[in-house]
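One structure is given here, and the rest of the page talks about it.
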Amino acid sequence: MCYNVLPINRFLITFIYTMFLHTQSRKHNDKIYKYYSIARSYRDETGISRIQIVQRIGKLSDTEARQLKYALKVAQAKEKEFIALDDIIFEDYKAYLDVSVLNRIWESSGLSSVFPSQKPRNHVSTLEIAKILAFNRCIDPGSKSYAASWVKRTELDRILNIDTKYVNDDKIYRELTNIERCKPDLEKRLFNKIKEESPESLRIVFYDLTTTYFEGTHCELASPGRTKSHGMKNARLVLSLIITEKGVPFSWEVHPGDTMDVETIETKITKLQEQFNINDITLVFDRGMVSQGNLNLLEERGYKYISALDKDEIGGIKGIDFEMFKGINEENAPTRLSEIGFQKYCEDLYFKELPAFGERRLVLGYNPTLARDERQTREERIKKLYAYIEGRNRALQKAKRSINKNTLQYAVSRELTKRHLKRLFSFELIPLPHKGKTKLIESFQINLTPNTEKIEKAKLKDGLCVFISNVPLKDGNIDFPPQKLIELYREKDKIEQAFKNIKSYIEVRPIYVFTEEHVRAHYTLCILAYFMNIQILNCVRERFSEFRSCERIYNELSRGIVGAFGSEFSTRSVKKLSSSTESQKKILQALGCQHLIAHSYLQSTGISTCR
């Protein structure tokens, strides 16, 4: 390839670092011609900026002009090396933007004040291990061993100023105990942050429990039991959580696997009083935690509550004439329900407030669609029960050996329980001996008897629900009509969504650690990850509605990587951040993190920007 060498004298060399390619345009015969010169800028004695022509060049093609600009740039670069694109080697890349944002959210939330930050001889503190494990849960959850390798694929070594070679399995497992010891202070920190930023969100909080499981056999907290989404497990655990109306967590526990939902209310309200000094609060919880004892306890302690009664408890409420629901269906529901004093809440729910029982308010709800579905489900169960009995009787008639009566009775009783029909049917075993080849076979026939009266009463309760609360119609400056109670109870979906995020995205399960402190620390780290998720989601979604999930946000941020580039002709390597997308800029703007991609900030960390 040939190049035209331009004459450059000693005067040009002297001022090379202030020079640029100067363009002048001239019009001749309706055509515009460009003429180029090498010039430098300076200020005269009066301080006015002027241009001095150093070397006139004349006409240049676009390619020649571009090459000359590049040549000046090369000459002006004191410490830079310039190589051809074909000689660039892409050496490695690391995650940057997602972990940088998480670190910013962590610091702005004051979480660093909770954990010990002193660096021991192995150069990594409890604080830094907590950050690494929580960030890993947000972005790419895995085992604790996996986190030790994951951190090396991120820029956290630069961000946290640590040497990641000291982040290993042994260090992580040792620090889990220290992390769990910080849990009381961490809960207080989250509570105080909520109290400072939005104290009104603490007027109503949501409490719920879920189940998870442990992989192994030596966890002291675990016990055999049925999990809500994975059936029977040999090592089940119970997890509890309290969140605000905005979904922000501030209290959580790991309970033994045999803990019943109804058993946790007393310990939870005691903790609210002793640890957070909370008295004026309304607790919203699922019907599974409702018991006479729990409601009495809440009232004695001065707490308000909103919940619902279990289906079986509805029948014991005085003042409900179930006969009034006879003949109501989806078509005539609006008219019939209006005639008996019900109001419409939404398309699938009508309500009527019942006479108060002391300070307790009861709101009766009727859902026509649910009534139809429950009736159809019961009929299908009854149909399958009869099919089971018929099949079993045919097999009993052909039995080739004697049948144990107790075993058969247990099997039929279990079938009734499984189909939720034990209260609606009874049965008896009628002896049916018959001759075998060599001896008399003792067998039976199952005689199933439906309780018609109870079945009809059950039909009248289809679609019914009862909301229960001790919140007065006017609590301070806030009105609580029946519609408000229903709305708040339905909003317990927020805590169900929180558990969904913790289980599915943060992946609290399965749990691979087994000591009690380590299991508790694992859940604490999952809550920390969820806290950062909900903080990010709330801030971003408030500004830009297209970001509906933290998964979408992290997917965008994950594209903000730092690549390492080098050349076989140079021993130097350069780190550059990938070009920021419009979506990334929106997210950073909403979170107040625009500086994370600013040229000056990146230069301070040894990273360049792509322009």
So, does E542 use its side chain to make a donor-acceptor pair with the main chain of C539 at under 3.5 Å?
-> no
For the pair E323 and K326, find out whether any cationic side-chain nitrogen is under 4.0 Å from an anionic carboxylate oxygen.
-> yes
SG of C526 to CG of N533, rounded to nearest 0.5 Å, is 10.5 Å
Interatomic distance, CG@L241 vs CG@D208, rounded to 0.5 Å, equals 8.5 Å
Once you round to the nearest 0.5 Å, how far does CG of L298 lie from NZ of K304?
-> 11.5 Å
Hey, what's the ring geometry for F544 with F547, parallel, tilted or perpendicular (30° and 60° as the breaks)?
-> perpendicular
Roughly how far apart are S469 OG and D475 CG, rounded to 0.5 Å?
-> 9.5 Å
Checking E374 side chain against G463 main chain: does a donor-acceptor pair fall under 3.5 Å?
-> yes
Side chain to side chain contact (heavy atoms under 4.5 Å, CB included) evaluation trace for Q409 with N406 = CA-CA 5 Å; Q409 195 164 13; N406 291 335; 4.3 Å; yes
Quick one: does T259's side chain get under 4.5 Å of T264's, heavy atoms only?
-> yes
For R392 and A411, which heavy atoms make the closest approach, and how far apart are they?
-> NH1-CB, 3.8 Å
Can you tell me if CZ on R423 sees more than 12 non-hydrogen neighbours from other groups inside 6.0 Å?
-> no
Strictly by modelled atom types, are T212 and K503 linked by a side-chain donor-acceptor pair under 3.5 Å?
-> no
Would you mind checking if R490 and D348 are paired as a salt bridge, meaning a charged N to carboxylate O distance below 4.0 Å?
-> yes
Show me, pair by pair, the donor-acceptor contacts under 3.5 angstrom made by side chains of residues 452-462, not counting sequence neighbours?
residue: E456; atom: OE2; partner: K459; partner atom: NZ; Å: 3.4
residue: D462; atom: OD1; partner: R378; partner atom: NH2; Å: 2.5
residue: D462; atom: OD2; partner: R375; partner atom: NE; Å: 3.4
residue: D462; atom: OD2; partner: R378; partner atom: NH1; Å: 3.0
residue: D462; atom: OD2; partner: R378; partner atom: NH2; Å: 3.4

Within the side chain of N329, is there an N or O that forms a donor-acceptor pair under 3.5 Å with the backbone of N332?
-> yes
Look at atom NZ of K474 and say whether more than 12 heavy atoms of other residues, nucleotides or ligands are closer to it than 6.0 Å.
-> yes
Would you check if the side chain of T244 reaches a backbone N or O of L202 as a donor-acceptor pair within less than 3.5 Å?
-> no
Using a 4.5 Å cut-off on heavy atoms from C-beta on, say whether the side chain of V254 contacts that of V238.
-> no
Measure the shortest side-chain to side-chain distance between L239 and T211 over non-hydrogen atoms and say whether it is less than 4.5 angstrom.
-> no
Can any side-chain N or O of R361 pair as donor or acceptor with the backbone N or O of V471 at less than 3.5 Å?
-> yes
Salt bridge K183-E253, side-chain N to carboxylate O under 4.0 Å | yes
Looking at side-chain heavy atoms only, is the closest gap between I243 and V205 below 4.5 Å?
-> no
Go through the steps for N470 and E359 under the test side-chain hydrogen bond (donor to acceptor under 3.5 Å, both in side chains), then give the verdict.
-> CA-CA 6 Å; N470 66 340; E359 293 183 352; 5.1 Å; no
Look at E200 together with R203 and state whether they make a salt bridge at an N to O cut-off of under 4.0 Å.
-> no
Interatomic spacing from CD1 in I430 to CD1 in I446 - rounded to 0.5 Å | 10.0 Å
Ion pair present between R137 and E507, side-chain N to carboxylate O less than 4.0 angstrom?
-> no
Over 12 non-hydrogen atoms of neighbours within 6.0 angstrom of CZ in F357 | no
K268 and S251 side chains, donor-acceptor separation under 3.5 Å | yes
Are more than 12 heavy atoms from other residues, nucleotides or ligands located less than 6.0 Å from atom OH of Y410?
-> no
Close aromatic pair by centroid cut-off 6.0 Å: F467 and Y489 | yes
The reported gap from NZ in K418 to CG in L385 (rounded to nearest 0.5 angstrom) is 10.0 Å
Check: R520 main-chain N/O paired with T524 side-chain donor or acceptor under 3.5 Å | yes
Hey, are the side chains of N294 and F285 touching, using non-hydrogen atoms and a 4.5 Å cut-off?
-> no
Polar contact flag, side-chain donor to acceptor under 3.5 angstrom, S240-H255 | yes
Look at the rings of F191 and F250 and say which category their plane angle falls in: under 30° parallel, 30 to 60° tilted, over 60° perpendicular.
-> tilted
Taking the side chain from H518 and the backbone from L176, do they hold a donor-acceptor pair closer than 3.5 Å?
-> no
Do you see a donor-acceptor pair shorter than 3.5 Å between the side chains of Q397 and S443?
-> no
Heavy-atom donor-acceptor pair, N447 side chain to L429 backbone, under 3.5 Å | no
Donor-acceptor pair, side chain of E263 and main chain of M260, under 3.5 angstrom = yes
For the residue pair V363 and V466, establish whether any side-chain heavy-atom pair is separated by less than 4.5 Å.
-> no
Is the Y505 ring parallel, tilted or perpendicular to the Y554 ring (thresholds 30°, 60°)?
-> parallel
Side-chain donor/acceptor of S201 to backbone N/O of S198, under 3.5 Å | yes
Determine, for E266 against K271, whether the closest basic-nitrogen to carboxylate-oxygen distance falls under 4.0 angstrom.
-> no
Please check if atom CZ in R360 has more than 12 non-hydrogen atoms from other residues, nucleotides or ligands closer than 6.0 Å.
-> yes
Are L209 and F499 close enough that some pair of their side-chain heavy atoms sits under 4.5 Å apart?
-> no
If you measure from the Lys or Arg side-chain nitrogens to the Asp or Glu carboxylate oxygens, is any gap between D286 and K492 under 4.0 Å?
-> yes
D280 and Y303: side chain donor to acceptor below 3.5 Å = no
With a 4.5 Å limit on heavy-atom distance, are the side chains of L102 and F135 in contact?
-> yes
Examine K344 relative to F342 and say whether NZ or CZ is less than 6.0 Å from the centre of the six-membered ring and inside a 45° cone about the ring axis.
-> no
